[in-house]
Amino acid sequence: MPELPEVETIVRDIRPLITGRTLTRPKLYHTHVLRRVTKTRLLRVLAGNRIEAVDRRAKHIVLCLKSGERLVIQPRMTGSLVVHPSHLTPDERRYAVLQIGLEGNGQLIFRDVRRLGTIWLLDEEGWQAYTQHIGPEPLEADFGSKQFARRLSNSRQAIKKVLMDQRRLAGVGNIYANEALFRARLDPSRRANRLSQAEYQSLYRTVRAVLREAIQEKGTTVRDYRTGTGESGSYQQILRVYGRGGEPCLLCRTLLATTHAIDGRATTFCWRCQGVQE
DNA sequence: ACGAGGTCCTGCGAGC
DNA sequence: TGCTCGCAGGACCTCG
């Protein structure tokens, strides 16, 4: 499930392959994924356009086009953007949502098994509005622990839910929220406004560490996620709590527990290390 | 203004 | 063996 590290990996992989390339014969196989654009306009804008830059914002892939528009792709659960050297196998065709030819050779494919991902085409004004309602990038050099605490601590919601709120902080999803909270030894159900400054500083450090390490490992492959070159990530081998419910804690051997009490999402934690009350 | 809960979508694995 | 069912969950939406 692409969170910040998975999307960053996809972007790094495909950037050298598609930057400067001219787009030909775009095909859209499912229209319900479109936001703020019709199929007709999307295909008209893409055909003959050129990719000037490939960026990431939060969990979204941003293709900056020569025409000034941005093609924004949200992979959500199972989406990914991959470059194929030639035409698609039947299996690849089955999951393709958007297919764009690259002049010369190759295809750029937005592939999405569950088709929960979305595609946006935004002009400059639309992009400004879009990016402004997403929180700051946690790995930016000028993003400090004070700003982190300020953005999260004014809520009575569980800290885990707040950590995953994209309007407060960009890029953290369920996997890395679980990991960061375990490493900071914090109870995921604590109300965000009850954490001390020291606890926020600790969580700030573990969020950044977990995201950086996951990028180094090219992300976490649980099921469908692949990097932009079709490989698996390897961070799943480093996960301390996510997906390990019922297994012993790596620090104290207490059996890890899984609950769905916070926002209906799977939360795995160590009773002892994270000081969770019954 | 904020929080809770529903919705989308398909594949997979548990259980009978 | 083959079927049903619940779950995976990000981000949008509506409702109270």
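Numbered from 1 within each chain, the chains take letters A, B, ... in sequence-line order. Given the structure is predicted, the values throughout are model-derived calculations rather than measurements.
Between A/Ile262 atom CD1 and C/dG10 atom C1' the separation is 17 Å, expressed in whole Å. Spacing between atom CE of A/Met164 and atom C1' of B/dA4 amounts to 15 Å, rounded to whole angstrom units. When the P atom of B/dG3 is taken as reference, atom CG of A/Asn193 falls 10 Å away, rounded to whole Å. Following rounding to the nearest Å, A/Arg115 (CZ) and C/dA8 (C1') show an atom-to-atom distance of 17 Å. Atom pair A/Leu163:CG and C/dA11:P shows a separation of 13 Å (rounding to whole Å applied). Rounded to an integer number of Å, the gap from CG of A/Asp263 to P of B/dA4 is 8 Å. Here C/dA11 presents its C1' atom at 15 Å from CZ of A/Arg57, a figure rounded to the nearest Å. A/Arg35 places its CZ atom 11 Å from the C1' atom of C/dC13, with the value rounded to the nearest Å.
Within the 3.5 Å criterion, the main-chain N or O of A/Pro16 finds no donor-acceptor partner in the side chain of A/Thr19. With hydrogens and angles ignored, the 3.5 Å screen pairs no side-chain donor or acceptor of A/Glu217 with any backbone N or O of A/Gly233.
The shortest distance between the side-chain N/O atoms of A/Lys59 and the OP1/OP2 oxygens of C/dG10 is not below 4.0 Å. Contact check, A/Gln74 against C/dC12: a side-chain N or O comes under 4.0 Å of OP1 or OP2. A sub-4.0 Å separation between OP1 or OP2 of C/dA8 and a side-chain N or O of A/His260 is present.
If A/Tyr95 and A/Arg76 are placed on DNA chain B by their nearest nucleotide, the residue sitting closer to the 5' end is A/Arg76. Both A/Arg265 and A/Gln157 lie close to DNA chain B; mapped to their nearest nucleotides by heavy-atom distance, the more 5′-ward contact belongs to A/Gln157.
When each of B/dG11, C/dA11, B/dT10 is scored by its nearest atom to the side-chain atoms of A/His60, the top-ranked nucleotide is C/dA11.
Note: A/Tyr242 and A/Tyr235 fail the aromatic proximity criterion, with ring centroids not under 6.0 Å apart.
Across all strands shown, A/Arg94 has heavy atoms under 4.0 Å from sugar-phosphate atoms exclusively, and none from any base.
In this structure, A/Arg208 is not positioned above the aromatic face of A/Phe143 in the sense of NZ or CZ being under 6.0 Å from the six-membered ring centre and within 45° of the axis.
With rounding to the nearest 0.5 Å, the separation of CG in A/Leu181 from CZ in A/Arg183 is 12.0 Å.
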